[in-house]
Structures are given as C-alpha cells and as structure tokens.
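Residue numbers start from 1 in every chain, and the chains themselves are labelled A, B, ... in the order their sequence lines are given, proteins ahead of strands.
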Amino acid sequence: MTVDKAQQPLEQLIANRRAKLNELKEMGIEPYPSRFRVDESVGAVRERFGEVPAEELEERTPEVRIAGRLQALRGHGKAAFADLSDGSARIQLHLKKDRLGEERWKVFKLLDLGDFIGVEGVVFRTRTGELTVAVDELTVLAKSLRPMPEKYHGLTDREARARQRYLDLLSNPESRYEFELRSRVVSAIRRFLESHGFLEVETPMMHPIPGGATARPFVTHHNALDLELYLRIAPELYLKRLLVGGFERVFELNRNFRNEGISTRHNPEFTMLEFYWAYADYELLMEFTEELVTSVALETVGSLDLPWGEETIHFGRPWRRLTLRDAILEYSDLGPEDLSDRPRMEAAARRLGVERIEERSDGKLLAELFEVTAESRLIDPTFIMDFPRDISPLAKSVPGDPDTVERFELFIGGLEVANAYTELNDPLEQRRRLEEQVKAGGGTLDEDFLLALEHGMPPTGGEGIGIDRLVMLLTSRASIRDVILFPLLRPRDGD
RNA sequence: GGGCCGUUAGCUCAGGUGGUAGAGCACCGGACUUUUAAUCCGAUGGUCGCAGGUUCGAGUCCUGCACGGCCCA
C-alpha cells in the first residue's frame, strides 16, 4: 500500500482503507452487497453451542452462517483469529489460509477492523475452550473507511461519545447496555399501564397555546394557517380533554420540549410519561407509582437496591411520605415559626441564599425553601405531599384547606421524578385559577380547555413521570446526557 | 450566570521549575497455523482547541474566545 506522506494521519488511515476497497473491487468483489442470508444471530450460536463440549463439537461439526462487524484481529502468519460482533453477542472466528484457499485469504487480508462481513463455517472449541467458528466462506458486507476507537478503552471523551453516539455504542458495551435498558424500561412501563387498563394515546406536539406547565416554549410557525405554534411543554390539558370524552384511563409516553437551560438534569427535549385515571386520587396514585416503579426496576435491572454515587437507593416499599412543610423542617434548622408568616419566610430564605425573594409568591417561596434544603438529600424514594395552591393551578384543594392542594412530587436520588395531583375538575374554580396565573404574567388562557371542563370531567388522578431521570436512576448515571442517545449539544465550529 | 478543571497522533493517555513533542492501541512493512488487550522486530504519523501577548525561545506563562466536564446559583 503506497501512502502519500503529505497527507494528514487520519487521511492516511482512510487512504489505506480506500486502497483496500479498490483492490476488492478490482478482484470483482462488491464491497457493499445488497443482501446476505443470515441463518442466526451470534447470540443464538452461543446459546446453541455454549455448553456443548469440544469433543461433541468435533464429532458433529455444526455449520453456521452469521454476520457482524469485525471488532478484533489477531494474526498468526498464515492463520488468524478475529472477533465478530452483531447486535446480540461476540464470537471468535478462526481463519486459516489452507482452509480458505488463496482467493478468500486474499480477501481476508484486505479487511479492516470495523468492516461488516458474513461468514460460513464450522463451530469448534480452541484448546483454551473458546467457542470459535472455523471459517470456510467469507463475504464482505460493508467496508468501513474510518478507524475504530481504541479497542481496550473504547471511546471515553464524553463529548465525542455524545456527538458520535454510534462510536460510543459500538466501542463501549456498557453504553450499549444502558440504552438497551432504557428501551426495556419504556417497554415495561407500557406493558404495566396496558395491563392496568390504560390506553396509549397521542395528543398534539404543536400547541396553539402552551399550557399544562410553566416553562418557556419553543415557537414555530404554520405557514398555511399563518399560525404561531408552540412545541408542547406538557400534554396535560389535552389528556384531560380525553377524560371529558369518556376515556377513563389514558397515558401518553413521548417527548416534551422546554426552552430552558441545559444541565445534568435537563435536556430541552425530554421524555415524559403522563397518565390520567378517572376516579383515582393522589393517594391511590402514590400506591400505583410505587408498584409501577418497583415492578419496572425488578423487570429491567432485577434489583430494588441500586447504587447512586456514594450511596445506595433502596426502592423497597412502602416509600416515605412527607409534607412539603415537614420536609423543610426536617432538612433544615428552621422551626415552624420560620414558616408562619411572610416576613419570617423571607428572612429564612435570605439566610439560605434564595434569590429574587420579593418577586416570589408565598407558595413559590415555600417551594424554594424546599429546593435549597431538602431536595438533594431525598435519596430513597420519597413522596413530598401537599403543595401550596398558588403554584399548582391544575390541582384540587385539600378538603378544608383551600390554600393547599392534593399534589405530590416524587424524589429519588435527589431528582424530581414524578409530579401528580388529584386533578381540579371544577370548571369555575379552574377558570379562576388560570385567570390568576395569567394575571401574574403566566401566558394565555386556554378557553378551549375550559370549555371542555365545563362539559364535565370525572374526578381524576393524573401524574407525570420523567422517563430520562428514571433511566438515570436505574442505570446509575448522574447526567441526563448519558441516557439520551442524541442530547442537544452546541454545534461545533464548521458544523 | 459564577467558580474550578479539561482540550497534545484516528483512539487512550504521558509531557517537574519555558529550551527541537512521547508511549500504548490502531495503521504500514516483516516473522508467526489454537490466539483472545496475542507476541516479537521495524517504520510512518502532530495546526499541542483557536486567536493574541510576554520571551532570544511557549505544549508549558498571561489574556480573550470556542467546545466539554464538575460544582454552585
């Protein structure tokens, strides 16, 4: 292989591979064929012969036909070992010049790490006991033109792993495992809800009025209608319309979009489960949430004790329940008197470093106090209950206590994982609350939603669960970027 | 938004106090027909993130910027 010395090192590596590509073509070999019949996965081969002793394999000489990516090469002169990986597993290949013949041996010598190949051969065991395919037939399925990440360490640079996720997935098995786990989590949640009579629905992602949460939306525009539209910040108000329409148990498991900052806990688009259950209330939802999360954890990671940084999260039921107020008192040196009126709350907030104190409502201030004192310390699953009404415009008040609502948030590993209410279904009260919010500077009144409520919505419990954060907990990953395949990153120069 | 840290070969990483930029893997050549992070021998490979500054001389010191990581708000 002649190499142009003036080229950059990466270009030289690519040039080497392109030269091999051309040699293959000159031999009349199509390096990107349309199809190759695969009889079984590598995993299936391992399953079939994993326990079969060497002598029996020698007798049976079982033939297999498999395909995958070449991940390692160990040459031995006129023979070689290689590792072939497909989506299911890895298996060793043994290639011998005398067994393959001149032509196929020449093809083999033109392969690089990362190439996809199909092989036909006989399963045997090496003297060290490794299950191996002695290759008889070799087909190039796709030539790779760029070098693979380092074989032992894989790709470790966090930025590169996120930007070129495919390299992360193919060189870091644990990364692949975590994303497979994510998929199993989502699947397990769907099965759990379906088995409890919930119907999966799809409501609009583009809203004429952003609602259902307080967050800045992404704005887009529909040309034909000349209409401003907002990517949804929550599906809540549409799902409730379905309760009005007579669906009693619905869920939606899909993306929300919030035009806010990016952090280890926030990505602008994130996956949320929201479900609504007629005739349920927040007490029932707490039990249901415990059951949902523990059964999903057992089904996917198979344990209720999961490592989280230096700590261990114990998912065993029942989970702790604590009012917002009690949580503040327990996790700070504040006493009940510090929360008894506005001036004392402000003084406490100032002492704890809360910013923009004056512009926050009483309820918001209480929530802030919770965030700075208790939130990060709630490691084992904890329901924080009974939120101030003025920060919960869609939740029903606690009977006899109009300033407090039947709402809980679930915290695990210091992360807010779920948010649920006994839903407000009194249309007149709902109008007052939303008008209050609009007056305080919070968006536009959704008259269409109020119209629906006026037709009657049954008493309902509703909940949202942040799926990315749940996956973070189940995979012990501290950053949301590690559980989203393609997290939003700032484009690099030249992109 | 603030603080700290990082950015060196395709990948993984070294490079006290400023003095011609290194290793391992990969790649290339050679030896090797049961290895598995194969081994052995040899060779190639660099805009040291970018732009300025200080200096006889900057990967190293200073400033700014970009991207990323962690922490704080």
Side-chain angles (χ1 to χ4, degrees), chain A residues 1-20 54 57-58 70-85 90-101 105 108-115 122-135 144-164 167-168 170-173 260-266 309 349-350 352-357 360 368 371-373 375-376 414 477-482 487-495:
Chain A
M1 230 85 10
T2 52
V3 165
D4 179 358
K5 292 266 166 53
Q7 283 176 323
Q8 290 297 303
L10 176 59
E11 269 69 55
Q12 288 182 17
L13 295 173
I14 294 170
N16 285 339
R17 288 174 178 243
R18 294 191 66 144
K20 293 180 187 175
L57 287 173
E58 227 166 287
L70 212 50
Q71 297 264 54
L73 267 173
R74 295 176 289 280
H76 291 265
K78 295 180 178 62
F81 289 97
D83 290 344
L84 187 74
S85 288
R90 178 206 70 91
I91 197 164
Q92 178 167 266
L93 307 179
H94 194 209
L95 303 106
K96 292 198 285 187
K97 189 177 181 183
D98 52 12
R99 182 165 186 144
L100 284 170
W105 182 252
F108 168 66
K109 298 306 276 182
L110 292 171
L111 294 178
D112 286 296
L113 293 182
D115 290 354
V122 173
V123 179
F124 75 107
R125 253 176 226 291
T126 63
R127 68 161 73 123
T128 57
E130 171 108 17
L131 199 69
T132 303
V133 176
V135 176
S144 159
L145 298 180
R146 283 175 184 266
M148 299 269 287
E150 209 252 4
K151 64 182 172 185
Y152 186 58
H153 301 89
L155 194 65
T156 64
D157 181 76
R158 300 281 294 272
E159 183 181 357
R161 289 175 59 188
R163 286 192 196 275
Q164 289 184 281
L167 293 181
D168 176 36
L170 70 89
S171 68
N172 300 319
E260 309 277 355
I262 296 176
S263 77
T264 49
R265 294 182 295 277
H266 300 87
R350 210 163 288 123
L352 290 162
V354 176
E355 289 183 339
R356 302 195 303 279
I357 290 169
R360 299 184 191 275
E368 282 294 325
E371 277 183 34
V372 298
T373 58
E375 182 170 316
S376 65
R477 305 302 311 208
S479 172
I480 199 168
R481 283 188 178 184
D482 295 334
L488 184 67
L489 298 174
R490 201 182 286 269
R492 286 183 303 186
D493 287 354
D495 283 7

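- Listed by chain and number, the residues in a salt bridge (charged side-chain N to carboxylate O under 4.0 Å, His left out) with Asp482(A) are Arg158(A), Arg477(A) (sequence neighbours excluded).
- Not a single side-chain hydrogen bond (donor to acceptor under 3.5 Å, both in side chains) links Ser479(A) to another residue, sequence neighbours left out.
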### Message
Protein within reach of the bases, or only the backbone? For nucleotides 1-6 of chain B, mark each nucleotide 5' to 3' as B, S or -, using heavy atoms under 4.0 Å.
### Response
------
Donor-acceptor pairs under 3.5 Å, side chain of residues 74-82 of chain A to any protein atom, not counting sequence neighbours: which ones?
from	atom 1	to	atom 2	distance (Å)
Arg74(A)	NH1	Asp83(A)	OD2	3.4
Arg74(A)	NH2	Asp83(A)	OD1	3.0
Arg74(A)	NH2	Gln92(A)	OE1	2.7

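- At the heavy-atom level, Arg481(A) lies under 4.0 Å from the strands shown only through sugar-phosphate atoms.
- Arg356(A) meets the side-chain hydrogen bond (donor to acceptor under 3.5 Å, both in side chains) test with Glu359(A); sequence neighbours excluded.
- Applying the side-chain contact (heavy atoms from CB on, under 4.5 Å) test to Pro487(A) and every residue at least two apart in sequence or in another chain returns Ala162(A), Arg165(A), Asn267(A), Arg481(A), Ile484(A).
- If you check every strand for non-hydrogen atoms under 4.0 Å, Arg74(A) touches a base.
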Which atoms of nucleotides 71-73 of chain B (N or O only) lie under 3.5 Å from a protein N or O atom, and what are those distances?
from	atom 1	to	atom 2	distance (Å)
A73(B)	O3'	Gly353(A)	O	3.4
A73(B)	O2'	Glu355(A)	OE1	2.9
A73(B)	O2'	Glu355(A)	OE2	3.1

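- For Lys97(A), the salt bridge (charged side-chain N to carboxylate O under 4.0 Å, His left out) criterion is met by Glu102(A), not counting sequence neighbours.
- The neighbour count for Arg146(A) CZ, taken as heavy atoms of other residues, nucleotides or ligands under 6.0 Å away, does not exceed 12.
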Check: protein-nucleotides 10-14 of chain B nitrogen or oxygen pairs below 3.5 Å:
from	atom 1	to	atom 2	distance (Å)
G10(B)	OP1	Leu10(A)	N	3.4
C11(B)	O2'	Glu150(A)	N	2.9
C11(B)	O2'	Gly154(A)	O	3.3
U12(B)	OP1	Thr156(A)	N	3.0
U12(B)	OP1	Thr156(A)	OG1	3.3
U12(B)	OP1	Asp157(A)	N	3.1
U12(B)	O3'	Thr156(A)	OG1	3.1
U12(B)	O2'	His153(A)	ND1	3.4
C13(B)	OP1	Thr156(A)	OG1	3.3
C13(B)	OP2	Thr156(A)	OG1	3.4

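- Not counting sequence neighbours, the partners of Glu159(A) by the salt bridge (charged side-chain N to carboxylate O under 4.0 Å, His left out) test are Arg163(A).
- Residues meeting the salt bridge (charged side-chain N to carboxylate O under 4.0 Å, His left out) test with Arg125(A), sequence neighbours left out: none.
- A search for side-chain contact (heavy atoms from CB on, under 4.5 Å) contacts involving Leu145(A) returns Arg17(A), Arg18(A), Leu21(A), Tyr32(A), Lys143(A), not counting sequence neighbours.
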